[in-house]
Protein chains: 2
Amino acid sequence: MDGRDLLPMGEISRRSGFAASAIRYYEAEGLIEAHRSGGGQRRFERSVLRRLAFIRAASNVGLTIEEIRDELGRLPGNRTPTKADWQRISRHWGRRLDEQIAALQRLKSGLDGCIGCGCLSLRSCAFSNPDDVHGERGSGARLLPDSLRRPHPSRR
Amino acid sequence: MDGRDLLPMGEISRRSGFAASAIRYYEAEGLIEAHRSGGGQRRFERSVLRRLAFIRAASNVGLTIEEIRDELGRLPGNRTPTKADWQRISRHWGRRLDEQIAALQRLKSGLDGCIGCGCLSLRSCAFSNPDDVHGERGSGARLLPDSLRRPHPSRR
DNA sequence: CCTTGAACTCAAGTTCACTTCAACTTGAAC
DNA sequence: GTTCAAGTTGAAGTGAACTTGAGTTCAAGG
């Protein structure tokens, strides 16, 4: 576990599918670590590839960099997730996805109910009601969770 | 339809749930219009409340400002959407939501299949595979559509 | 008239997750 | 020893959708 063959930037980038700049960014943010060659170039352990896979997966599920850092932080050292780690995390993500799906379905069923009504009433229409739906006040089921409100450009 | 009682900024803001700054922004972006008082303050027609409801709904569905402007642009003048308009638009949004839901479900079923495997293989794991899933190349069903990749802070 | 809160404008700032740029250095191959 | 792709840094830029701030003016009540 400290075996030879450390990978250079280009290799990691190619294999992980992340741009080199993104990888440097993740290092700066403390999500991954790198050794350095004599001349200061990064040399990555193989396990970094798994961490990057993890990062991509988490990011697809909608976690922020900060949340990913937390999640990774709970894995001691820079160890590769064990089966148990992965199960815990999977459940976490699964719940997250369930919420997102449910939110979209609420929105959709509201839409179906609305089709043709032409209402868009500020008081009763689920779509246009700014805060909450159907009288559930406070932190009740919101139409869309904050985690699903808007995308951003990103790569490709 | 040009009747008296125009509403001032605060009223519109309170009733629509949008911050005044957001409303000014929408006006600047051409999504809504405003008359001016003698002293240069905005006076909104009541129909603007409907437009704003529309904007919130569209934005919840994930449309960008530009898309919303297009959609609104198809309604002649500043008229309130008719039943037919609303049906057309609803169908458009419905498809959009279906896509988003399907994408999340693909992600989730990939996750379920993965639970406990501990793999996160760069080659085969649906979660960490950077580009496409299950060999569908090109523009086939992506794990997540671009429209669902990331939220942004926004209000509240 | 005076006060007060609501509104105004315009420029600049915010957030997130990166990318791009300019100017330079490394290191593997020939 | 030369070459040149690959790597380095730090700073600045990107894009969407707003928000914030500074400094000023409006409008309604007393």
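To find a chain, count down the sequence lines: A is the first, B the second, and so on, and within it residues start at 1. Side-chain atoms are counted along with the backbone in the values below, which use heavy atoms only and exclude waters and symmetry mates.
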Visitor: Which is more 5' along DNA chain C, the nucleotide nearest A:Ala20 or the one nearest A:Gly39? Just name the residue.
Guide: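 Its nearest nucleotide being more 5', the pick is A:Ala20.
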Visitor: Please state how far atom CG in B:Leu63 lies from atom C1' in D:dA16, giving the value in whole angstrom units.
Guide: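 Rounded to the whole Å, the gap is 14 Å.
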Visitor: Counting heavy atoms from C-beta on, name the nucleotide in C:dT19, C:dC18, D:dT19 closest to the side chain of A:Ala19.
Guide: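 Comparing C:dT19, C:dC18, D:dT19 against the side chain of A:Ala19, the answer is C:dT19.
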Visitor: Salt bridge check, A:Arg24 against A:Glu27: does any charged N sit closer than 4.0 Å to a carboxylate O?
Guide: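 Salt bridge between A:Glu27 and A:Arg24, a charged N being under 4.0 Å from a carboxylate O: no.
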Visitor: Measuring from the side chain of B:Arg43 (C-beta onward, heavy atoms only), which nucleotide among D:dC18, D:dT8, D:dA27 has the closest atom?
Guide: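 Output: D:dA27.
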Visitor: Could you work out which one of D:dA17, D:dA27, C:dT26 sits closest to the side chain of B:Gln41?
Guide: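 Closest of the options to the side chain of B:Gln41: D:dA27.
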Visitor: Is B:Ile55 close to B:Ile32 at the side-chain level, that is, under 4.5 Å between some pair of heavy atoms?
Guide: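 A side-chain contact under 4.5 Å exists here.
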Visitor: Is a side-chain N or O of B:Arg69 found less than 3.5 angstrom from the main chain of B:Gly30, in a donor-acceptor match?
Guide: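 No: the side chain of B:Arg69 does not pair with the backbone of B:Gly30.
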Visitor: Quick one: A:Phe18 CZ to D:dG7 P, roughly how many Å, whole number?
Guide: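 That distance rounds to 17 Å.
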Visitor: Report the distance from atom CG of B:Leu31 to atom P of D:dA16, rounded to the nearest whole Å.
Guide: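 After rounding, the reported distance stands at 14 Å.
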Visitor: Roughly how many Å is it from CG in A:Leu6 to P in C:dT26, rounded to a whole number?
Guide: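 Computing the A:Leu6:CG to C:dT26:P distance gives 19 Å.
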Visitor: Would a distance-only check, ignoring hydrogens and angles, find a side-chain to backbone donor-acceptor pair under 3.5 Å from B:Arg36 to B:Arg43?
Guide: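 No, B:Arg36 side chain to B:Arg43 backbone: no donor-acceptor pair under 3.5 Å.
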Visitor: Write down the distance between CD1 (B:Ile23) and C1' (C:dA7), rounded to a whole number of angstrom.
Guide: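 So the two atoms are 12 Å apart, to the nearest Å.
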Visitor: Only pairs with both distances under 3.5 Å count, Watson-Crick or wobble alike; so what is the partner of C:dT20 in this structure?
Guide: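 Partner of C:dT20: D:dA11.
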Visitor: Separation of B:Glu29 atom CD from D:dC18 atom C1', in whole Å?
Guide: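 That distance rounds to 10 Å.
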Visitor: Can you tell me the distance, in whole Å, between the CD1 atom of A:Ile68 and the P atom of C:dA17?
Guide: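 Nearest whole value for this atom pair: 7 Å.
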Visitor: Which nucleotide wins on minimum distance to the side chain of B:Ile65, given the candidates C:dT9, D:dA17, C:dT19?
Guide: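 Closest of the options to the side chain of B:Ile65: D:dA17.
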Visitor: What's the closest nucleotide to the B:Arg24 side chain, out of C:dC18, C:dC8, D:dC18?
Guide: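 Output: C:dC8.
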Visitor: Within the structure, does a side-chain N or O atom of A:Tyr26 lie under 4.0 Å from either OP1 or OP2 of C:dA17?
Guide: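 For A:Tyr26, the contact criterion (side-chain N or O under 4.0 Å from OP1 or OP2 of C:dA17) is not met.
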Visitor: What is the nucleic acid contact for B:Arg14, judged by heavy atoms within less than 4.0 Å: base, sugar-phosphate only, or nothing?
Guide: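 Nothing: the residue B:Arg14, judged by heavy atoms under 4.0 Å, touches no strand.
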Visitor: Using a cut-off of less than 4.0 Å, is there contact between a side-chain N or O of A:Ser37 and OP1 or OP2 of C:dT26?
Guide: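 So the side chain of A:Ser37 is outside the cut-off, no N or O lying under 4.0 Å from OP1 or OP2 of C:dT26.
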Visitor: Side chain of B:Ala22, heavy atoms from C-beta onward: which of D:dG7, D:dT19, C:dC8 has the nearest atom to it?
Guide: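 For B:Ala22, the side-chain atoms sit closest to D:dT19.
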Visitor: Is a side-chain donor or acceptor of A:Ser13 paired with a backbone partner of A:Met9 at a separation under 3.5 angstrom?
Guide: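 Answer holds: no.
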Visitor: Whole angstrom is fine here: how far is it from OH in A:Tyr25 over to C1' in D:dG13?
Guide: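 Roughly 15 Å, once rounded to whole Å.
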Visitor: Pick base, sugar-phosphate or nothing for A:Arg42, based on heavy-atom distances below 4.0 Å to the nucleic acid.
Guide: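 Sugar-phosphate: the residue A:Arg42, judged by heavy atoms under 4.0 Å, touches backbone atoms but no base.
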Visitor: Starting the side chain at C-beta, find the nucleotide from D:dA27, C:dT19, C:dT9 nearest to A:Ser21.
Guide: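 In terms of side-chain proximity for A:Ser21, the closest of D:dA27, C:dT19, C:dT9 is C:dT19.
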Visitor: Pick the nucleotide of DNA chain C nearest each of A:Gly40 and A:Glu66; which residue has the one closer to the 5' end?
Guide: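 On the 5' side of the pair lies A:Glu66.
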Visitor: Are A:Leu6 and A:Phe44 side-chain neighbours, meaning at least one heavy-atom pair lies under 4.5 Å?
Guide: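 No, their side chains stay 4.5 Å or more apart.
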Visitor: Reading DNA chain D from 5' onward, which residue's closest nucleotide shows up sooner: A:Gly10 or B:Ile55?
Guide: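 Its nearest nucleotide being more 5', the pick is A:Gly10.
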